[in-house]
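Remarks on the structure that follows.
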Amino acid sequence: MSNYLGAIDQGTTSTRFIVFDRTGRIVSVAQKEHEQIYPKPGWVEHDPEEIWRRTQEVIADAMQQRVFRPKDLAAIGITNQRETTILWNRKTGKAVYNAIVWQDTRVEDYVAELSRDGGQDRFRQQTGLPLATYFSGLKIRWILNNVRGARELAEAGDLYFGNIDSYMVWKLTGGTNGGVHVTDVTNASRTQLMDLRTLAWDKNQLKIFGIPEAVLPKIVSSSEVYGPAKLTSVEGVPVAGILGDQQAALVGQTCFESGQAKNTYGTGCFLLMNTGTEAVLSKFGLITTVAFKFGQKPAQYALEGSIAITGALVQWVRDNLGLIEKSSDIETLARTVKDNGGVYFVPAFSGLYAPYWQASARGVIAGLTRYANKGHIARSVLEATAFQTREVVEAMEKDSKINLDVLRTDGGMVVNELLMQFQSDILDRPVVRPLIKETTALGSAYAAGLAVGYYKDLDELRANWGVDHTWKPQMENGTRENLYSEWKKAVTRSFNWADTPGVGTAAKSGS
Ligand SMILES: Nc1ncnc2c1ncn2[C@@H]1O[C@H](COP(=O)(O)OP(=O)(O)OP(=O)(O)O)[C@@H](O)[C@H]1O
Ligand SMILES: [Mg+2]
């Protein structure tokens, strides 16, 4: 009798394996970080081999902790950092280049070049996405154009592309020994190569981007059996769910109905609203993405506000400035002062994503005076997350015409009480943290559980959701609006810093 579900959560900074029981409670977990590689300003890479090693380690570790055997798991789901791009040789299993991480800006020139003819929104109708450094398609093109031998290998049919999900499933199901090469619709929707409505690779996009179709995985649903795992610790367990991390959190929060939304506070922040079976195009700087597709059922879509840097700024303050020892110290430091002292930190490290899509923006700290100290910097770091979230909430409400009365949150930063209160204050509405905070891993476990009949329907999942804490706004209106307008001014100071003419027109897209 299989009592549990396993989930691999392969994130930007770490990999976790979590075993859940039927109610969504964690019964076993192991987590390991992997190296962030920064070869030059704007470039971010991961070593795929290291990620695969960490994955095997955390699976074995979490299984051993409770002396679980493969038969204890009904299925395994996978959730992953999205857009991050790997190309590997299908005969040797070796990647031809490091994984190019979603935050990497090296394809800025391609964005500029392609935008010149038809603007930044020329592919929005088919793909739901603006031209940006963020998505996988241009990263594939970069590898094919810059890595010796890659294009020849691709033309010969021996090169496989995958986001982390594809790479993971291929490795898990045998790799060079019969591994399956698939990706789910949510991950495929982040490549800018898939037609949002037909859910098939778009031949025209492939042509314009110069990508041979042979490198691409087969697009499958988010919830079905892809194949049995071949790894000893989970040998034979069906791999049965794939969701990009932000879509997984939407599922983990059981936002199955149109109009339901969540905001995940991790490396970046990602606000997704379910829009049902209709792909709604954004006019206010959001993107359109596939929310999930369970087996044969129709796909559901979402509007998404993607913010590249939030928790990553806390890590930057820790690792690059050394102001704090661990992420949670940011709250203690921020509490040494009563307000931000006029300091605003715009973390446009990878340009700005929603709602600006300014590839050439770069980070700024504005409003510095002799008065400012490290406490103010810490506060400005936390406030940046809340201000950026308000910008995407406003865009979301305009695009969807739905009021977000309460904001459902999750992710690593939501343990930060100062941030959560400030978020409620700056939004002027309640902010809710659910009982289960590991919604990303949970969402992929749910998808896998549905595929193998471990869960019989969505109501069983909805019953698992409950509120842990609610923050209510306490700030005066005048203060709130003053802070927000100063933030807006600071944001404009980050624009057009990098020299890439023609990229990024502020705050307006979709038209
Ligand atoms: N107490 C805290 N206050 C502020 N930020 C925090 C706190 N604890 C963790 N963080 C931040 O939260 C992030 C980790 O959260 P989480 O594990 O949800 O991130 P993630 O985006 O899922 O990571 P990954 O991308 O690796 O999956 C880190 O960026 C970290 O700096
Ligand atoms: Mg994550």
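All residue numbers refer to positions in the sequence shown, counting from 1. In each ligand, atom 1 is the first atom listed, and ligand 1 is the first ligand listed.
- Considering L450, V290, V185, V251 as possible partners of S222, the one that fulfils the side-chain contact (heavy atoms from CB on, under 4.5 Å) test is V185.
- Nearest protein neighbour of atom 4 (C) of ligand 1, counting heavy atoms only, is N416 ND2, 3.5 Å.
- The two residues F68 and S28 have their closest heavy-atom pair at CE1-CB, 4.1 Å.
- What sits closest to atom 21 (O) of ligand 1 on the protein, heavy atoms only, is T267 N, 2.7 Å.
- Looking at atom 24 (P) of ligand 1, its nearest protein heavy atom turns out to be T12 N, 3.2 Å.
- Numbered from 1 in the order shown, with element, the atoms of ligand 1 that lie under 4.0 Å from a heavy atom of V415 read 1 (N).
- Panel note: side chain R22, backbone Y454; a donor-acceptor pair is recorded below 3.5 Å.
- Counting only heavy atoms from C-beta outward, the side chains of R390 and W487 never approach each other to under 4.5 Å.
- Using modelled atom types, one finds no donor on one side chain facing an acceptor on the other under 3.5 Å when comparing N187 with S166.
- With hydrogens and angles disregarded, no donor-acceptor distance shorter than 3.5 Å links the side chain of R82 to the backbone of R190.
- Judged by the shortest distance from any of its heavy atoms, Q315 lies inside the 4.0 Å radius around the atoms of ligand 1.
- Screening D61, D9, D245 against R16 for a salt bridge (Lys or Arg N to Asp or Glu O under 4.0 Å) leaves a single residue, D9.
- The single protein non-hydrogen atom nearest to atom 31 (O) of ligand 1 is S327 OG, 2.9 Å, given as residue, atom name and distance.
- Counting atoms of ligand 1 from 1 in the listed order, those under 4.0 Å from a heavy atom of A312 are 29 (O).
- Below 4.0 Å from some heavy atom of G411 lie the following atoms of ligand 1, by number and element: 18 (O).
- For the atom pair CD1 of I143 and CG of L87, the computed distance is 4.5 Å after rounding to the nearest 0.5 Å.
- Protein heavy atom at the shortest distance from atom 16 (P) of ligand 1 is G412 N, 3.7 Å.
- With ligand atoms numbered from 1 in the order given, ligand 1 contributes 5 (N), 31 (O) to contacts under 4.0 Å with heavy atoms of V314.
- Between S14 and ligand 1, a contact under 3.5 Å exists for at least one N or O pair.
- If you check which protein heavy atom lies closest to atom 11 (C) of ligand 1, you get M413 CG, 3.7 Å.
- Among protein heavy atoms, the minimum distance from atom 17 (O) of ligand 1 is reached at R16 NH2, 2.7 Å.
- Annotation for G295 and S221: closest pair N-OG, 3.4 Å, computed over non-hydrogen atoms.
- In terms of polar-atom proximity, defined here as any N/O pair under 3.5 Å, T13 does make such a contact with ligand 1.
- Ligand 1 has no nitrogen or oxygen under 3.5 angstrom from a nitrogen or oxygen of I330.
- Of all heavy-atom pairs spanning F284 and A395, the tightest one is O-CB, 3.4 Å.
- Heavy-atom neighbours of K488 NZ from other residues, nucleotides or ligands within 6.0 Å: above the threshold of 12.
- Residue, atom and distance of the protein heavy atom nearest to atom 27 (O) of ligand 1 are G11 CA, 3.2 Å.
- Inclusion of G268 in the set of residues having an N or O under 3.5 Å from an N or O of ligand 1 is not warranted.
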